[in-house]
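Quick notes on the structure that follows.
All values below come from the heavy atoms of this structure, side chains included, with hydrogens, waters and symmetry mates left out. Since this is a predicted model, take the numbers as computed values, not measurements.
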Amino acid sequence: MLGGVPYLVFRSASLSGRDVRLLSNTSALFALFEVHGTMLEPVPVQRMDRYDDDLVSILKYVGKTNEQFTKLLLNVTAASAFGAERILAGGLKVFDPMCGRGTTLNQAAMYGFDAFGVEVDKRDFEAYGAFLQRWLKDKRLKHKALTSRVKRDGRGVGQQTRVEFSATKELHRAGETQVVEIVNADTLRSGEVYRRRSFDLIVSDVPYGVQHAAVRESRALSRRPTELLEAAIPVWAELLRPGARWACRGTRT
């Protein structure tokens with residue numbers, strides 16, 4: 001306790017630039033200080049965030065996952081799969097197989113990662129697509145959006161909204177864009193939507209046995225998320241690249 005405020009304190013002989021960048025992106029960090037006796041000296045943080053934080057905070061809806069928890073889940077998953085340099089370099093592809101209204105996708109986009117999601121609820125699919133495009137317009141960021149049908153072997157799988165954008169005009173002119181894509185489809189059909197070994201990370205919050213009825217193969221509805229996970233995890237695993245990782249936060253039943 002310092003001045004009546006709780007802090008997380010650790011000892012280190014020194015902090016490299018890499019160390020500061022990693023600490024700057026922890027989910028619980030508000031500020032970073034170096035301790036000198038009873039005095040605190042602010043250490044400038046270097047966040048990976050490319051965009052204003054309202055990208056992850058402004059959209060409110062029932063069942064939304066806490067933004068800090070989402071960031072924690074993404075960070076831990078990335079750290080279990082890759083070294084610090086790979087994470088800080090960016091360019092990772094993140095998949096949320098039950099993405100709701102895009103909390104995980106937005107956090108991945110904040111880091112400059114490409115983000116892909118599947119969502120069975122058409123209202124959530126439409127709401128997120130509309131939100132992202134409106135947010136980009138409000139921020140006057142160069143982007144293009146396309147909504148189309150996804151087909152495999154001549155059969156419809158679902159509707160897709162793909163948005164490509166850049167954090168600055170200079171990046172856009174250089175052709176350096178990132179992607180956020182969401183598909184309105186059953187998560188059990190994720191393997192029909194995306195090719196094997198497409199993603200570096202799979203990150204999802206899975207309270208769907210409570211917020212949504214899980215769809216089983218019989219097409220009957222179940223409130224038990226375990227039944228959905230048993231069927232879905234083998235499908236999701238096929239989408240991971242070698243050495244990649246996945247993490248889900250489930251709900252007890």
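Across all their heavy atoms, Phe113 and Val94 have their closest contact at CD1-CG2, 3.9 Å. Counting all heavy atoms, side chain and backbone alike, Ala145 lies closest to Val163 at CB-CG2, 4.0 Å. Across all non-hydrogen atoms, the minimal contact from Ser204 to Asp96 is OG-OD1, 2.7 Å. Closest approach of Leu55 and Ala109 over heavy atoms only: CD2-CB, 4.3 Å.
The structure places CG of Leu132 at 6.5 Å from CG of Asn106, a figure rounded to the nearest 0.5 Å. Atom-to-atom distance recorded for Asp49:CG and Gln107:CD is 6.5 Å, nearest 0.5 angstrom. Atom-to-atom distance recorded for Glu41:CD and Leu32:CG is 10.5 Å, nearest 0.5 angstrom. A distance of 8.0 Å separates NZ in Lys64 from OG1 in Thr70, rounded to the nearest 0.5 Å. A distance of 9.0 Å separates CE of Met48 from CG of Leu22, quoted to the nearest 0.5 Å. The distance from the CD1 atom of Ile87 to the CG atom of Leu201 is 8.0 Å, given to the nearest 0.5 Å.
Counting only heavy atoms from C-beta outward, the side chains of Ile182 and Val118 never approach each other to under 4.5 Å. The shortest side-chain heavy-atom distance between Asp205 and Thr104 does not fall under the 4.5 Å cut-off. At a threshold of 4.5 Å between non-hydrogen side-chain atoms, the residues Arg21 and Arg47 do not count as touching. Side-chain contact check for Asp186 versus Arg189: some heavy-atom pair is nearer than 4.5 Å. With contacts defined as side-chain heavy-atom distances shorter than 4.5 Å, the pair Gln160/Arg149 does not qualify. The closest side-chain heavy-atom distance from Lys122 to Gln159 is below 4.5 Å. Side-chain atoms of Phe116 and Leu105, non-hydrogen and from C-beta on, never get closer than 4.5 Å to each other. Considering only heavy atoms from C-beta on, Leu40 comes within 4.5 Å of Tyr7 through its side chain.
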Show your working on side chain to side chain donor-acceptor pair (under 3.5 Å) between Asp54 and Trp135 and close with a plain yes or no. CA-CA 9 Å; Asp54 59 357; Trp135 185 87; 3.1 Å; yes

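In the hydrophobic clustering of this structure, Leu74 does not group with Leu23; members are Ile, Leu, Val, Met, Phe, Trp, Tyr whose side-chain heavy atoms approach within less than 4.5 Å, directly or through other members. Side-chain heavy atoms closer than 4.5 Å link hydrophobic residues (I, L, V, M, F, W, Y) into clusters, and following such links, possibly through other members, connects Phe82 to Val203. Linking Ile, Leu, Val, Met, Phe, Trp and Tyr residues whenever their side-chain heavy atoms come within less than 4.5 Å leaves Phe33 and Val20 in two separate clusters.
The closest donor-acceptor contact from the side chain of Asp114 to the backbone of Val179 lies under 3.5 Å. Judged by distance alone, with hydrogens and angles left aside, the side-chain atoms of Lys144 form no donor-acceptor pair with the main-chain N or O of Phe165 at under 3.5 Å. Proximity of a side-chain donor or acceptor of Asn184 to a complementary backbone N or O of Glu119 within less than 3.5 Å is detected. Under a 3.5 Å cut-off, the side chain of Asp121 and the backbone N or O of Arg123 do form a donor-acceptor pair. When atom types are taken as modelled, the side chain of Asn75 and the backbone of Asn25 share a donor-acceptor pair closer than 3.5 angstrom. The closest donor-acceptor contact from the side chain of Ser12 to the backbone of Leu15 lies at 3.5 Å or more, if one exists at all. Put simply, the side chain of Glu164 never gets that close to the backbone of Thr177: no donor and acceptor are under 3.5 Å apart. Judged purely by atom type and a 3.5 angstrom limit, Ser166 has no side-chain atom pairing as donor or acceptor with the backbone of Thr168. Not a single donor-acceptor pair under 3.5 Å links the side chain of Arg197 to the backbone N or O of Pro242. In this structure, His172 contributes its side chain and Glu170 its backbone to no donor-acceptor pair below 3.5 Å.
Applying the side chain to side chain donor-acceptor pair (under 3.5 Å) test to Thr161 and every residue at least two apart in sequence or in another chain returns Thr147. Partners of Arg196 according to the side chain to side chain donor-acceptor pair (under 3.5 Å) rule, which considers only residues two or more places apart in sequence or in another chain, are Glu238.
Counting only N and O atoms by type, the side chains of Trp236 and Thr187 include a donor and acceptor under 3.5 Å apart. Side-chain contact check for Tyr194 and Glu181: at least one donor-acceptor pair (N or O, by modelled atom type) lies under 3.5 Å.
Salt-bridge annotation for Asp200 and Lys93: absent, with no side-chain N of the basic residue lying under 4.0 Å from a carboxylate O of the acidic one.
For NZ of Lys151, the number of neighbouring non-hydrogen atoms (other residues, nucleotides, ligands) closer than 6.0 Å is 12 at most. Counting non-hydrogen atoms of other residues, nucleotides and ligands closer than 6.0 Å to NZ of Lys139 gives a total above 12.
The aromatic rings of Phe131 and Tyr128 are tilted relative to each other, their planes meeting at an angle between 30° and 60°.
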